[in-house]
Chemist: 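Questions regarding the structure given below will be posed in turn.
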Amino acid sequence: VHRLITHIFIYEDLISLACGAVIIWYFAGSFEKNVGTVKHCILTATFSMLSALLYLLLEPLVSRLLEVGDAKGFMPVAFAMLGVSTARSRMKRTLLFGCRVPVVLVPWLGLCIAWFVPQSSLLGNLCGLLVGEAYGLGYCFCLDFPESVGSKLDRVFPFTLLKRIPGLKYIPGSLAERRASENS
């Protein structure tokens, strides 16, 4: 059961670790700015578990057709965050490699690019993307909690400790507090 969350911390070589670090820095950082640190931590664990469960459901079926790699690293969770961001985006088109493409295609194009990242699992990344799209489209509404709950969780133990660590940027749970901290 512990592997449902810990698979995001497993890397086999330095190249996949470097790719994972870049993905965490870019995708997780921008997602955290949008939702706050508390919700980001909870959703990271939730996306990890849900994508791992979906992977465990689909792996026996897909392994009959093609070779399936183990789901390792942060990429499935990053794809879940990317799926949420694009599903909830108000933009219709975006610029990608100099071409204007529909925003809904961005995670799927990213999935094609991630196929070439060493030690990444295409099925694991696909599961993460499906979980993120489902959450972003509102099918997992039970995972959402109000900003007032996030603000209250900002004041409990593990998160109060995160606020005090120098060099770490803590993003508040409520939108008003996030905007105030951005303006200051």
Side-chain angles (χ1 to χ4, degrees), residues 1-11 17 19-57 71-92 94 103-104 106-107 110 124-184:
V1 172
H2 73 280
R3 292 272 302 167
L4 292 175
I5 294 179
T6 59
H7 71 91
I8 63 175
F9 302 112
I10 298 172
Y11 294 94
L17 178 64
C19 289
V22 168
I23 287 169
I24 290 169
W25 171 72
Y26 186 74
F27 289 113
S30 63
F31 187 74
E32 183 180 9
K33 287 177 187 173
N34 290 331
V35 298
T37 300
V38 170
K39 197 167 192 176
H40 176 263
C41 290
I42 292 169
L43 287 177
T44 297
T46 304
F47 289 159
S48 175
M49 284 190 287
L50 290 176
S51 62
L53 287 172
L54 186 60
Y55 174 86
L56 290 173
L57 286 172
K72 297 179 267 205
F74 193 79
M75 264 214 240
V77 177
F79 272 105
M81 292 176 185
L82 181 61
V84 171
S85 299
T86 57
R88 292 186 175 178
S89 176
R90 290 186 217 136
M91 294 182 356
K92 298 289 183 207
T94 187
V103 171
V104 294
V106 171
N125 296 339
L126 177 66
C127 291
L129 181 56
L130 293 175
V131 166
E133 290 284 339
Y135 178 78
L137 293 173
Y139 296 117
C140 303
F141 60 89
C142 58
L143 299 177
D144 265 339
F145 54 88
E147 285 187 4
S148 60
V149 174
S151 293
K152 288 177 185 173
L153 288 173
D154 277 340
R155 294 184 285 266
V156 297
F157 166 64
F159 301 111
T160 56
L161 182 65
L162 285 175
K163 288 179 184 179
R164 294 182 185 147
I165 298 174
L168 231 110
K169 186 174 182 181
Y170 187 86
I171 316 280
S174 78
L175 182 61
E177 290 176 21
R178 282 196 300 273
R179 286 185 178 158
S181 69
E182 285 177 6
N183 293 337
S184 63

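Count residues from 1 along the sequence.
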Chemist: First locate atom CG of Asn125, then atom OH of Tyr55, and finally report the distance between them rounded to the nearest 0.5 Å.
Modeler: 10.5 Å

Chemist: For a side-chain contact (heavy atoms from CB on, under 4.5 Å) with Ile42, tell me which candidate from Val149, Leu153, Val35, Thr37 qualifies.
Modeler: Leu153

Chemist: Work out which heavy atom in Ser51 is nearest to a heavy atom in Cys127; give both atom names and the distance.
Modeler: O-CB, 3.6 Å

Chemist: Please name all residues satisfying side chain to side chain contact (heavy atoms under 4.5 Å, CB included) with Ser89, sequence neighbours left out, ordered by chain then number.
Modeler: Met91, Val103

Chemist: How far does CG of Leu50 sit from CG of Leu43, to the nearest 0.5 angstrom?
Modeler: 10.0 Å

Chemist: For residues 38-48, which residue pairs qualify under side chain to side chain donor-acceptor pair (under 3.5 Å), counting only residues two or more places apart or in two chains?
Modeler: His7-Ser48, Lys39-Asp144

Chemist: For residues 75-88, which side-chain N or O atoms pair as donor and acceptor with protein atoms under 3.5 Å away, sequence neighbours left out?
Modeler:
residue, atom, partner, partner atom, Å
Ser85, OG, Met81, O, 3.0
Thr86, OG1, Leu82, O, 3.1
Thr86, OG1, Gly83, O, 3.3
Arg88, NE, Gly136, O, 3.4
Arg88, NH2, Tyr135, O, 3.3

